[in-house]
Amino acid sequence: MKKIISKTGKINFAGLILIGGSALFLAFTPSLKVSDGKWMAPASADKTTNPVAKNEANLAAGKDLFIKTCAICHGKKGKGDGPKTAELDKPVGDFTKEDFGKQSDGAIFWKITEGNKPMPSFKKEMTEEQRWLLVNYTRQFCAKK
Ligand code: HEC
């Protein structure tokens, strides 16, 4: 009799762990679903306003920065096919896709600023103005399509 009790006791304990585990899993699942596993900027980034005008001179300056610093991974045309992509463990994304263009300027600025390995952070390497020039330029890839 004692044996049976302790056996059920064990089973109950295991059951509890299982239920607890699933509850934890369920609690975290919705947040994963929202982002769909994609790298998302926080909602607060959408509120940042772009101080740099999208004029010809600024787009040319953005292109210059992009070709020098970003094209090695993102490709000259922003399609995500730069020569360095062969060494990376995840895709760099395609700037010509509609999904990219749906993001706010502030969200793109946040991503260039913060980075997400292997995407480098450009917080220190570039001025805010340079990062905004790049926001405007990368957005072009999608708009042109
Ligand atoms: C070493 C390769 C590398 C370089 C250099 C690089 N990136 Fe990236 N970039 C990535 C990778 C990888 C991702 C995808 C990261 C992720 O999804 O977690 C990414 C993602 C991004 C995104 C987000 C794309 C999206 O779909 O929302 C932006 C914007 C971006 N990069 C801009 C730039 C800019 C601008 C530069 C140059 C200043 C640059 N990157 C330089 C590798 C790179």
Side-chain angles (χ1 to χ4, degrees), residues 6-145:
S6 72
K7 258 191 187 165
T8 30
K10 265 185 192 163
I11 287 162
N12 285 342
F13 187 60
L16 271 178
I17 291 177
L18 211 74
I19 292 167
S22 336
L24 265 179
F25 180 73
L26 283 175
F28 285 108
T29 312
S31 63
L32 289 175
K33 267 191 187 155
V34 170
S35 63
D36 211 13
K38 275 191 191 160
W39 180 29
M40 305 278 284
S44 58
D46 294 339
K47 294 188 192 114
T48 330
T49 40
N50 184 345
V52 174
K54 291 178 174 122
N55 58 34
E56 231 171 273
N58 283 346
L59 287 174
K63 179 176 184 177
D64 210 42
L65 288 167
F66 187 83
I67 297 295
K68 274 190 198 133
T69 321
C70 322
I72 184 163
C73 288
H74 288 280
K76 281 184 187 156
K77 301 211 158 134
K79 281 184 130 330
D81 56 358
K84 213 180 159 139
T85 50
E87 298 165 28
L88 306 177
D89 59 3
K90 57 165 121 151
V92 302
D94 183 345
F95 295 155
T96 68
K97 287 265 157 72
E98 202 185 336
D99 265 5
F100 177 71
K102 276 185 194 157
Q103 297 181 81
S104 65
D105 284 359
I108 298 173
F109 179 80
W110 184 88
K111 288 184 174 178
I112 299 171
T113 303
E114 300 300 325
N116 192 32
K117 254 184 164 181
M119 161 76 191
S121 157
F122 289 96
K123 198 184 263 177
K124 295 201 180 115
E125 267 181 60
M126 287 194 181
T127 63
E128 286 207 7
E129 194 196 12
Q130 286 176 317
R131 279 174 266 145
W132 283 115
L133 288 168
L134 283 162
V135 169
N136 292 349
Y137 185 70
T138 51
R139 203 176 257 306
Q140 283 292 296
F141 293 120
C142 196
K144 268 186 193 159
K145 222 183 129 204

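In listed order, ligands and their atoms are each counted from 1. For this chain, numbers begin at 1 and follow the sequence in order. Not measured: the values here are computed from a predicted model.
- Screening the protein for N, O or S atoms under 2.8 Å from atom 8 (Fe) of ligand 1 yields 2; no waters enter the count.
- Atom CG in L59 sits 12.0 Å away from atom CZ in R139 (nearest 0.5 Å).
- The line from CZ of F122 to CD of E128 is 15.5 Å long, rounded to the nearest 0.5 Å.
- The ligand atoms of ligand 1 that sit less than 4.0 angstrom from a heavy atom of I108 are 29 (C).
- Of the polar atoms of N116, at least one N or O is found under 3.5 Å from an N or O of ligand 1, judged by distance alone.
- Atom-to-atom distance recorded for T48:OG1 and W110:CH2 is 11.0 Å, nearest 0.5 angstrom.
- Expressed to the nearest 0.5 Å, how far OG1 of T138 lies from CD1 of I108 amounts to 5.0 Å.
- Residue contact check: F95 has heavy atoms under 4.0 Å from atoms 24 (C), 28 (C), 30 (C), 32 (C) of ligand 1.
- For M126, the closest heavy-atom approach to ligand 1 falls below 4.0 Å.
- Checking each of Q103, R131, M119 against K111 for a side-chain contact (heavy atoms from CB on, under 4.5 Å) leaves exactly one that passes, namely Q103.
- Looking from atom 14 (C) of ligand 1 to the surrounding protein, the closest heavy atom is P91 O, 3.6 Å.
- Each of the following atoms of ligand 1 lies closer than 4.0 Å to a heavy atom of K90: 16 (C), 18 (O).
- Any N or O atom pair closer than 3.5 Å counts here, and K117 shares no such pair with ligand 1.
- When side chains are defined from C-beta on, L65 does not count as touching C70, because their heavy atoms never get closer than 4.5 Å.
- Listed by first then second residue, pairs satisfying side chain to side chain donor-acceptor pair (under 3.5 Å) with a partner in residues 66-87 read D64-K68, not counting sequence neighbours.
- Atom 17 (O) of ligand 1 has W39 CB, 3.8 Å as its closest protein atom, hydrogens excluded (heavy atom only).
- Checked by atom type, the side-chain pair K63/Q140 shows no donor-acceptor distance below 3.5 Å.
- In terms of protein heavy atoms, atom 5 (C) of ligand 1 is closest to T69 O, 3.5 Å.
- Taking 4.5 Å as the limit, some side-chain heavy atom of L134 sits within range of a side-chain heavy atom of F66.
- For the atom pair CG of D46 and OG1 of T49, the computed distance is 12.0 Å after rounding to the nearest 0.5 Å.
- Taking each of Y137, F66, F100 in turn, the one with a heavy atom nearest to atom 25 (C) of ligand 1 proves to be F100.
- What you find for N50 and V52 is that their closest heavy atoms are OD1-N, 2.9 Å.
- The protein non-hydrogen atom at the shortest distance from atom 12 (C) of ligand 1 is P118 CG, 3.5 Å.
- When all heavy atoms of G106 and W132 are compared, the pair lying nearest together is CA-CH2, 4.1 Å.
- Per-residue contacts place F122 under 4.0 angstrom from the following atoms of ligand 1 (heavy atoms of the residue considered): 36 (C), 37 (C), 38 (C), 39 (C), 41 (C).
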